[in-house]
Visitor: 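So that we are looking at the same thing, I have put the structure below in structure tokens.
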Amino acid sequence: MFTHKIPVNEQPTGKVIPLGTTPLIGHEHASAACSCPPPMPATQAAPVRPTVQLTPGSLALLIGGGTAAVLVVGAVLVSMLLAVAITAGSLAIVALVVRSLMNDGAKRR
């Protein structure tokens, strides 16, 4: 059930590969030599990676970069909020003007 099955496919040459389950006689491969390193014994620890060391200069640069990023994101969000507020105010003024014009037209009839 979990074995690989190769479907019968036509090759560009026109030959059809049959799906056979019997091994070919005299067709045995020699096991290839493994080129991977031998497994590490359980008593050895994994190699230690170097830790990140923060110097005063890199720490100041990190703080300055984070502060700049927060300020830029804040400025963008505030400007978007301001744009929405200005648009809402403009629409409210337009609505008042249109209502005033409609009321004046109804009074003159």
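Hydrogens, waters and symmetry mates play no part in the numbers below; they use all other heavy atoms, side chains included. Here, residue 1 is the first one in the sequence, and each next residue gets the next number. None of the values given here were measured: they were computed from a predicted structure.
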Visitor: Is there a side-chain contact between L81 and L77, using heavy atoms and a 4.5 Å cut-off?
Guide: no
Visitor: If you measure from CG on L96 to CG on L91, what distance do you get to the nearest 0.5 Å?
Guide: 11.0 Å
Visitor: Is a side-chain donor or acceptor of T67 paired with a backbone partner of I63 at a separation under 3.5 angstrom?
Guide: yes
Visitor: Using modelled atom types only, decide if a donor and an acceptor are shared between the side chain of T87 and the backbone of A83 within a distance under 3.5 Å.
Guide: yes
